[in-house]
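Remember, it's a predicted structure, so these values are computed and weren't measured experimentally.
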Amino acid sequence: MTSPLAAGPVRLDHVGILVRDLDSARTHWCDRFGVEVARTVDVPAMSLSAAFLNVAGAEVELYTVHDEDALDAALGGAPAKLDHVALRLHRADGAELVGCVIRGPGRADPIAEPILMGDATHVWTEPPGIDVLLQLIRPAG
């Protein structure tokens, strides 16, 4: 097995927070901490919208899913929850997914394969021994 560092170090990409009301959450974060929205993303095929906040060079993703049942299942009665830590990988072999169930954003249901967004594939998983939901972003191909 190739060392994870063989193609370069893993990098923290962002921390994701699932929110019930994206506009309100974005306003509160920006007003309270004086941060700016670095970019917004709408992915109709996955029924989600996100705002990435620039926090001194790091990013915090505030996102919501537009499927009310999935949102209620994920949040319960809470307005928001820390959802995942996103790591950017520098290899495309998928070795980090061995023994993992992969899923899409904001949902517990397994998916068949990584999701292609831009020039990278994305999966959400809880690797054994890590026990934190990770979004793994790796080069496509």
Side-chain angles (χ1 to χ4, degrees), residues 1-33 35-141:
M1 176 185 263
T2 304
S3 163
L5 296 178
V10 172
R11 172 175 83 74
L12 176 63
D13 190 81
H14 66 271
V15 174
I17 300 172
L18 179 62
V19 300
R20 190 169 299 281
D21 182 338
L22 182 58
D23 291 333
S24 177
R26 180 179 51 234
T27 298
H28 285 293
W29 273 79
C30 290
D31 290 351
R32 180 171 300 261
F33 299 114
V35 296
E36 295 182 4
V37 175
R39 60 194 162 96
T40 60
V41 176
D42 286 300
V43 186
M46 291 192 295
S47 187
L48 70 84
S49 297
F52 288 81
L53 308 177
N54 183 0
V55 181
E59 286 188 330
V60 171
E61 174 193 24
L62 303 175
Y63 85 100
T64 194
V65 293
H66 303 294
D67 176 334
E68 289 296 324
D69 292 335
L71 192 60
D72 287 341
L75 289 177
K81 76 170 190 175
L82 181 60
D83 185 67
H84 64 272
V85 173
L87 301 177
R88 185 163 294 272
L89 309 175
H90 296 284
R91 64 174 196 254
D93 63 11
E96 71 282 345
L97 294 176
V98 172
C100 294
V101 173
I102 62 172
R103 61 188 195 182
R107 293 169 178 84
D109 299 330
I111 59 175
E113 59 188 40
I115 298 167
L116 180 64
M117 288 191 283
D119 63 350
T121 61
H122 299 249
V123 297
W124 289 257
T125 188
E126 294 178 67
I130 301 294
D131 302 321
V132 170
L133 182 63
L134 298 178
Q135 177 183 354
L136 301 176
I137 304 167
R138 60 185 180 173

Q: Determine whether T125 and L133 make a side-chain contact, defined as any pair of heavy atoms from C-beta on separated by less than 4.5 Å.
A: no
Q. How far apart are the closest heavy atoms of R20 and T64, and which atoms are they?
A. O-OG1, 3.7 Å
(Q) Run the side chain to side chain contact (heavy atoms under 4.5 Å, CB included) test on L18 and Y63 for me, step by step, so that the C-alpha distance in whole Å, both residues' side-chain angles and the decisive distance to 0.1 Å come before the verdict. (A) CA-CA 5 Å; L18 179 62; Y63 85 100; 3.6 Å; yes
Q.
So E126 and V101, do their side chains get closer than 4.5 Å, heavy atoms only?
A. no
Q | Check: L22 and H66 side chains under 4.5 Å, non-hydrogen atoms | A | no
Q: Measure the spacing between CG of L62 and CG of D83 and express it to the nearest 0.5 Å.
A: 11.5 Å
Q.
Looking at every non-hydrogen atom in both residues, tell me the closest pair between W29 and V35 and how far apart they are.
A. O-CG2, 3.7 Å
**Q.** Verdict with reasoning, D21 to V19, per side chain to side chain contact (heavy atoms under 4.5 Å, CB included)
**A.** CA-CA 6 Å; D21 182 338; V19 300; over 6 Å; no
Q | Sole residue of V37, V41, V60 in side-chain contact (heavy atoms from CB on, under 4.5 Å) with F52 | A | V41
Q. Which pairs pass ring-ring contact (aromatic ring centres under 6.0 Å, His included) with one or both residues in residues 101-122, sequence neighbours excluded?
A. none
Q: Please check if the side chain of T121 supplies one atom and the backbone of L116 the other of a donor-acceptor pair under 3.5 Å.
A: no
(Q) Restricting to non-hydrogen atoms, name the atom on M46 and the atom on I115 that form the minimum distance, rounded to 0.1 Å. (A) SD-CD1, 3.4 Å
Q) With sequence neighbours left out, what residues match T27 under side-chain contact (heavy atoms from CB on, under 4.5 Å)? A) D31
**Q.** I137 CD1 to L87 CG distance, which is reported to the nearest 0.5 Å
**A.** 8.0 Å
**Q.** Point-to-point distance, once rounded to the nearest 0.5 Å, from CG of L53 to CD of E59
**A.** 8.5 Å
Q. Which atom names give the shortest non-hydrogen contact between R103 and A108, and what distance separates them?
A. NH1-CA, 3.5 Å
Q.
Return the CZ to CG distance between R88 and L136, rounded to the nearest 0.5 Å.
A. 11.5 Å
Q) Does V43 reach the side chain of P105, with side-chain heavy atoms less than 4.5 Å apart? A) no
**Q.** Smallest separation among heavy atoms of L134 and I130, with atom names
**A.** CD1-CG2, 3.9 Å
Q | Side-chain heavy atoms of L97 within contact of R138, under 4.5 Å | A | yes
Q: Could you give me the CA-CA distance, side-chain angles and deciding distance for E96 and V123, then say whether side chain to side chain contact (heavy atoms under 4.5 Å, CB included) is met?
A: CA-CA 11 Å; E96 71 282 345; V123 297; over 6 Å; no
Q: Locate the shortest heavy-atom distance separating C100 from P128; write the atom from each residue and the value.
A: SG-CD, 4.0 Å
